[in-house]
Amino acid sequence: MAAIFHHDKIMASYNVHKNSFLSDAIGYVEESPFIKVNQIVKYPTWLASSLVGGINASVLKLIGSKIKKDANFDYFLNSVAKSGMLAGLLCYSEPQLLVNCLPELESAQNNNYVLFRFVRQHYKKRWLILLLLNIFLFEKRILFAPFFYSLFFKTRKTIIVNLDAIAVKSTLKTIEKKTIDVIIPTIGRKQYLYDVLQDLAQQTHLPEKVIIVEQNPINGSVSELDYLITENWPFLIKHIFTHQAGACNARNLALAEVESEWVFLNDDDNRFDENLIENVFKRATQYGAEVIITSYLQPNEFQYYQTIHQSGIFGSGNSFIKKATLQNVSFDKALEFGYGEDTDFGLQLRNQGHDIIYFPDLKIKHLKAPMGGFRIKISKQWESDEIQPKPSPTILYMLQKHYTQEQLKSYKLVLFLKLLKHESIGNYFFFYKSFKQKWSRSVHWAKKLKEKKE
């Protein structure tokens, strides 16, 4: 138990049913990675179960004073986890709570009144309408009674839960050697990369090695990074030059060279202060964290998220990862030159049992520098199609890989509605026909991407 509840801001439970208390239909309103739970590993999720679990009494006292007790214990637990996660409570599905693995039970009986009530109390109002619409369109059921029933309940989104009074001091040791390598893919940003290296050279805790993968797709080209040799650096530099462009390939090449206990996934247009690595190690020690992401704002952007919490995102330019977590994880090259490779990488980590924690006080500035001057246009396989796919096939490929069926259907509906609002009423029929064709082409190419990878 000490390994599970290694600090006081942890809530863990385990569900042996095939579905959650709220039913798979919660996917119609939840876009995050927290509901497609991998039950064979420790997985971040607010979906709680009364079958087995635990939470620190001090946390329960604080949150319980804000949330009304419910006759249904499962409803209360899910409400505590959903509200608490936003306040910094780390919530998990934890199979290690069971000494002997129980067989997976048949699906638990779900209640549509409970589902609609939960959505009403924990989501924005528009998601309640979308839940009703999704179930009608995709399940051919009209649930007006649960919908109107839910309107009698007050929202809990306005409830402010503050867990700052509860100190965190993990008993897990995620740092022993305290060594770190840095990987940086770069293409055509000589000066920006130099500034990043200067920031690394000023660190109070220096990296062991900086792995730079320089890309230049022009045949016969050579490296422009002369300062890697002409200047002295307080760390080893491993320089890889390749004519093969692509951030996924570059990062995979760099990850293969990592030898230290930790790795910093950096970018060639970042800036940060001299205490960054030292402070990352302090936070990793405090929380027993294995994967950390930082604040990653562009100049003049406002930082909205001020609470340490389980992140639903992942960034390949602002992440610190314990090397041991990367054994079965890599950047999916099917997503090269597309979108979604960061999200996919983070979901791979979670499905291996590694949570991603966001620390707002760890800051990296992302300059969002202009593209390097010798980049070449990459033609997608589908660019010559008469009907252009929508959404991008790389996005659909990633969603098919990681979303539940309910999440995917809701994504399709929301995309349709977003595009529809720009159309005139007289064009609705033609727009619907066009949308179906574009979605079909995206499905076709997403399948090709999957086959290519396999």
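Note that this is a predicted model, so its numbers are computed, not measured. The chain is numbered in sequence order, starting from 1.
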Determine whether the side chains of [X] and [Y] contain a donor N or O and an acceptor N or O closer than 3.5 Å.
X      : Y      : answer
His366 : Asn318 : no
Glu94  : Tyr43  : no
Ser32  : Glu30  : yes
Tyr432 : Glu423 : no

Distance (rounded to the nearest 0.5 Å) between [X] [atom1] and [Y] [atom2]:
X      : Y      : atom1 : atom2 : result
Ser392 : Lys390 : OG    : NZ    : 9.0 Å
Lys447 : Tyr397 : NZ    : OH    : 14.5 Å
Leu449 : Glu336 : CG    : CD    : 12.0 Å
Leu77  : Leu51  : CG    : CG    : 10.5 Å
Lys401 : Lys450 : NZ    : NZ    : 10.0 Å
Ser58  : Leu163 : OG    : CG    : 8.5 Å

Has [X] got a side-chain atom pairing as donor or acceptor with [Y]'s backbone, closer than 3.5 angstrom?
X      : Y      : answer
Tyr358 : Tyr305 : yes
Arg189 : Ala369 : yes
Thr45  : Ser93  : no
Asn270 : Gly317 : yes
Gln407 : Thr404 : yes
Glu214 : Thr242 : no
Asn351 : Leu347 : yes
Thr394 : Tyr339 : yes
Ser65  : Leu62  : yes
Gln310 : Asp355 : no

Problem - Ring geometry between His7 and Tyr287 (parallel below 30°, tilted from 30 to 60°, perpendicular above 60°) - result: perpendicular

Could you check if a side-chain atom of [X] sits within less than 4.5 angstrom of a side-chain atom of [Y], using non-hydrogen atoms only?
X      : Y      : answer
Val16  : Leu98  : yes
Tyr92  : Ile10  : yes
Ile277 : Ile180 : yes
Leu367 : Arg271 : yes
Thr343 : Met398 : yes
Ile184 : Ile211 : no
Phe359 : Thr294 : no
Trp127 : Glu31  : yes

Exercise for the section: Check whether the ring centres of Trp46 and Phe21 lie less than 6.0 Å apart, and answer yes or no. Expected result: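 For Trp46 and Phe21, the ring centres are not under 6.0 Å apart.
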
Exercise for the section: Verify the ring-centre separation between Phe302 and Tyr304: is it less than 6.0 angstrom? Expected result: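 Aromatic pair counts; centres sit under 6.0 Å.
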
Exercise for the section: Decide whether a cation-pi geometry holds between Arg251 and Phe331; the criteria are a distance under 6.0 Å from NZ or CZ to the six-membered ring centre and an angle within 45° of the ring axis. Expected result: yes

Looking at every heavy atom in both [X] and [Y], which two are closest together, and how far apart are they?
X      : Y      : result
Ile313 : Arg350 : O-NH2, 3.4 Å
Ile35  : Gly27  : CD1-CA, 3.4 Å
Leu335 : Glu341 : CD1-CA, 3.6 Å
Asn266 : Pro185 : O-CD, 3.7 Å
Trp382 : Pro389 : CD1-CG, 3.6 Å
Val119 : Leu131 : CG2-CD2, 3.8 Å

Show every donor-acceptor pair shorter than 3.5 Å between a side-chain atom in residues 146-161 and any protein atom, with sequence neighbours excluded, or say none if there are none.
{"from": "Ser150", "atom 1": "OG", "to": "Phe147", "atom 2": "O", "distance (Å)": "2.6"}
{"from": "Thr155", "atom 1": "OG1", "to": "Lys157", "atom 2": "N", "distance (Å)": "3.1"}
{"from": "Arg156", "atom 1": "NH1", "to": "Ser79", "atom 2": "OG", "distance (Å)": "2.7"}

Exercise for the section: Sort and list the pairs that fulfil salt bridge (Lys or Arg N to Asp or Glu O under 4.0 Å) and have at least one residue in residues 49-75, not counting sequence neighbours. Expected result: Asp70-Arg117

Problem - Step-by-step side-chain hydrogen bond (donor to acceptor under 3.5 Å, both in side chains) determination, Gln303 to Lys363 - result: CA-CA 10 Å; Gln303 184 168 333; Lys363 301 180 187 296; 2.8 Å; yes

Problem - Residue pair Ser316, Asp342: steps toward the side-chain hydrogen bond (donor to acceptor under 3.5 Å, both in side chains) verdict - result: CA-CA 6 Å; Ser316 58; Asp342 286 9; 2.8 Å; yes

Problem - Criterion side-chain contact (heavy atoms from CB on, under 4.5 Å) on Tyr28 and Leu130, from CA distance to verdict - result: CA-CA 8 Å; Tyr28 289 133; Leu130 280 167; over 6 Å; no

Problem - Pairs satisfying side chain to side chain donor-acceptor pair (under 3.5 Å), at least one member in residues 435-445, at least two apart - result: Asp385-Arg441, Asp385-Trp445

Exercise for the section: State whether Asp181 and Lys323 are salt-bridged, where the test is any N-O pair (Lys NZ or Arg NE/NH1/NH2 against Asp/Glu carboxylate O) under 4.0 Å. Expected result: no

